[in-house]
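Values below: all heavy atoms of this structure, side chains included; hydrogens, waters and symmetry mates excluded.
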Amino acid sequence: MRYTAKEMLSKLVAFDSISSNSNLPLIEFVESYLESLGVSSQRVPNAEGTKSNLWATIGPDCAGGVILSGHTDVVPVEGQPWDTDPFVVTEKDGRLYGRGTADMKAFSAIALSLVPEMLEAGLKRPVHLALSYDEEVGCLGAPLMIEDMAPKVKAEAVIVGEPTMMQVVSSHKGVLGLETHVRGYEVHSSLVHTGVSAVHIAARLVLWHEETMAKNRARTEHLPENELFNPPYTTLHCGMIKGGTADNITAKDCAFSTDIRTLPSEDAGEYLEAYRAYVAELEAEMQTIQPSTGIDIKVGCLVPGCRRETDGAAERLVRQLTGDNAEHVVAYGTEAGQFQDGGYSTIVCGPGDIAQAHAANEFLSLQQLEAGVQFQRRLIEHLSR
Ligand SMILES: [Zn+2]
């Protein structure tokens with residue numbers, strides 16, 4: 001069975017693969033589609049077996065090929081004012097509307113629709129498809145797949161097909177998400193010196209975010225290597241906080257969430273370490289008043305940034321294929337840094353505009369779909385030489 005890129009996109013969008021759902025129906029479809037073309041694929045499931053990555057090799061089993069990376073999950077549509085059914089690709093005014101058309105089922109759909117062409121092209125070096133789960137909730141799936149692929153797949157380049165309007169994106173910030181729970185000790189506020197207010201402790205921890213960010217700004221905003229980033233420093237932000245029960249009771253609990261966006265040149269792990277050190281300091285202080293108190297930290301997500309490579313093979317290849325020689329960075333996180341950590345030269349380049357991603361009435365223009373098809377056809381040609 002052959003599909004055009006548009007038909008394949010309609011197939012993929014029809015699977016309601018919102019991150020909270022299983023992506024297995026989509027994976028099963030891709031698996032049997034590839035099998036019908038004589039291409040075997042490899043599942044790399046999560047621990048519960050409810051979701052899976054899938055990777056496959058098309059062409060000869062040798063080094064030097066290219067990995068095309070896409071995530072299969074999409075963000076929710078709940079509460080969004082869609083004009084069309086988000087899970088039915090609807091063409092209107094040169095645009096294809098549907099959840100995941102831009103972010104990022106189109107890139108994978110194009111690759112899948114071109115598998116018959118890849119098979120007929122007489123590839124000298126392989127194309128590897130790498131489809132992940134749970135990208136939208138902290139890039140949780142890809143690391144397992146990369147670990148499985150790295151010893152077997154010696155690719156010259158990884159192309160992460162997130163929507164960049166087919167521009168070559170060579171770096172982006174990383175993300176560290178944290179949940180902090182401060183456990184205080186309740187007393188009447190008139191005896192505040194005998195209690196531990198979780199709210200007050202949390203306030204000091206939130207302030208640490210502000211102070212660290214101010215230091216970052218002073219330290220890195222003038223560095224030319226960061227000039228493409230807006231803002232040109234690592235940001236720390238507390239987006240939600242909840243704690244306390246009454247004006248006159250020292251709060252027993254306070255919980256808040258943190259979002260840290262690290263410059264690719266910085267290590268998110270170091271922020272975590274610095275935060276843990278300050279937490280330990282406050283904990284010691286709290287426990288001199290009441291030993292049962294404490295602070296728990298949970299790491300929600302830890303996604304490395306995409307580092308600009310020096311003379312990177314992926315960047316060179318994709319610049320050659322797109323003709324784009326300008327410098328671009330993006331504000332969102334991708335799996336690119338995880339592929340780099342796996343030893344692969346990696347670049348981000350894909351059809352569609354991130355401006356439409358995650359929003360109601362997400363769309364991909366037909367022009368971008370066609371640009372994506374032409375790009376992958378040039379890649380097939382390149383690998384057949
Ligand atoms: Zn995406």
Side-chain angles (χ1 to χ4, degrees), residues 19 46-48 134 136-140 143-144 173-221 231-305 333 337-338 341:
S19 313
N46 65 356
E48 300 80 29
D134 278 356
E136 296 288 4
V137 288
C139 297
L140 304 178
L144 294 175
K173 287 182 178 179
V175 189
L176 170 62
L178 301 173
E179 302 288 334
T180 304
H181 178 197
V182 183
R183 291 176 287 109
Y185 184 66
E186 278 182 314
V187 296
H188 191 277
S189 61
S190 62
L191 296 170
V192 67
H193 63 294
T194 62
V196 177
S197 165
V199 164
H200 280 229
I201 296 290
R204 288 164 70 183
L205 288 168
V206 172
L207 205 58
W208 176 87
H209 292 57
E210 283 275 325
E211 288 164 357
T212 306
M213 183 158 63
K215 280 184 212 154
N216 286 348
R217 184 174 182 167
R219 187 165 47 83
T220 67
E221 78 171 342
Y233 48 88
T234 293
T235 55
L236 294 91
H237 175 251
C238 166
M240 279 191 296
I241 189 161
K242 195 176 172 196
T245 52
D247 291 349
N248 58 359
I249 304 173
T250 57
K252 188 164 157 285
D253 294 288
C254 188
F256 60 90
S257 60
T258 297
D259 176 84
I260 299 176
R261 305 261 158 176
T262 50
L263 286 172
S265 57
E266 295 188 351
D267 180 0
E270 284 176 20
Y271 284 91
L272 186 55
E273 235 173 84
Y275 186 58
R276 282 202 166 117
Y278 186 49
V279 159
E281 202 180 296
L282 291 188
E283 231 176 9
E285 197 183 301
M286 293 158 75
Q287 288 169 354
T288 59
I289 301 166
Q290 180 50 248
S292 67
T293 60
I295 304 169
D296 307 315
I297 309 169
K298 214 175 89 193
V299 179
C301 74
L302 179 56
V303 182
Q338 297 175 325
D341 285 351

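In this structure, Arg276 does not pair ionically with Glu283, as no charged nitrogen and carboxylate oxygen lie closer than 4.0 Å. Salt-bridge check for Arg183 with Asp296: passed, with a basic side-chain N closer than 4.0 Å to an acidic carboxylate O.
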Apply side chain to side chain contact (heavy atoms under 4.5 Å, CB included) to residues Val299 and Leu176 and explain how you reach the verdict.
CA-CA 8 Å; Val299 179; Leu176 170 62; 4.1 Å; yes
Kindly indicate, with the supporting measurements, whether the criterion side chain to side chain contact (heavy atoms under 4.5 Å, CB included) is fulfilled by Glu179 and Ile297.
CA-CA 6 Å; Glu179 302 288 334; Ile297 309 169; over 6 Å; no
Please walk me through it: do Lys215 and Glu210 pass salt bridge (charged side-chain N to carboxylate O under 4.0 Å, His left out)?
CA-CA 9 Å; Lys215 280 184 212 154; Glu210 283 275 325; over 6 Å; no
Quick one, Asp267 with Thr262, criterion side chain to side chain contact (heavy atoms under 4.5 Å, CB included). Give me CA distance, side-chain angles, the key distance, then yes/no.
CA-CA 7 Å; Asp267 180 0; Thr262 50; over 6 Å; no
Carefully, step by step, assess Lys242 and Cys254 under the rule side chain to side chain contact (heavy atoms under 4.5 Å, CB included).
CA-CA 6 Å; Lys242 195 176 172 196; Cys254 188; over 6 Å; no
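The CG atom of Leu236 lies 9.0 Å from the CG atom of Asp259; values are rounded to the nearest 0.5 Å. With rounding to the nearest 0.5 Å, the separation of CG in Leu205 from OG1 in Thr258 is 8.5 Å. Atom CD1 of residue Ile289 and atom OG1 of residue Thr194 lie 8.5 Å apart, to the nearest 0.5 angstrom. Atoms CE and OH, on Met213 and Tyr233 in that order, are 6.0 Å from each other to the nearest 0.5 Å. Atom CZ of residue Phe256 and atom OG1 of residue Thr180 lie 4.0 Å apart, to the nearest 0.5 angstrom. The distance from atom CG of Leu178 to atom CG of Leu272, rounded to the nearest 0.5 Å, is 6.0 Å.
The closest side-chain donor-acceptor pair between Glu266 and Thr234 falls under 3.5 angstrom. Between the side chains of His188 and Ser190, a donor-acceptor pair is found at a separation under 3.5 Å.
Scanning for side chain to side chain donor-acceptor pair (under 3.5 Å) contacts around Thr220 gives an empty result, with sequence neighbours left out. Residues forming a side chain to side chain donor-acceptor pair (under 3.5 Å) with Glu273 (at least two apart in sequence, or on another chain): none. Among residues two or more places apart in sequence or in another chain, the ring pair (Phe, Tyr, Trp, His ring centres under 6.0 Å) test is passed with Tyr275 by Trp208, His209.
Side-chain atoms of Glu186 never come within 3.5 Å of backbone atoms of Ala251 as a donor-acceptor pair (strictly under, hydrogens ignored). At distances below 3.5 Å, not a single donor-acceptor pair connects side-chain atoms of Ser189 with backbone N or O atoms of Val192. Between the side chain of Gln290 and the main chain of Tyr185, no donor-acceptor pair closer than 3.5 Å is present.
Two residues are said to be in side-chain contact when any heavy atoms from C-beta on lie closer than 4.5 Å; Asn216 and Tyr271 meet this criterion. Taking the side chain as every heavy atom from C-beta outward, Pro231 and Glu221 never approach each other to under 4.5 Å. Inter-residue side-chain proximity for Asn46 and Glu48 is flagged as met; some heavy-atom pair is nearer than 4.5 Å. Using a 4.5 Å cut-off on side-chain heavy atoms (C-beta onward), Cys301 and Val175 make contact. Under the 4.5 Å side-chain criterion, counting only non-hydrogen atoms from C-beta, Leu282 is in contact with Arg204.
When all heavy atoms are compared, the tightest approach of Leu302 to Ala268 is CD1-CB, 3.4 Å. Minimum heavy-atom separation, Gly243 to Val199: C-CG2, 3.9 Å. Pairing each heavy atom of Lys173 with each of Arg261, the nearest pair is CD-O, 3.9 Å. Pairing each heavy atom of Ala198 with each of Gly184, the nearest pair is CB-N, 3.8 Å.
Shown here is Gln287, whose CD atom has more than 12 heavy atoms of other residues, nucleotides or ligands within 6.0 Å.
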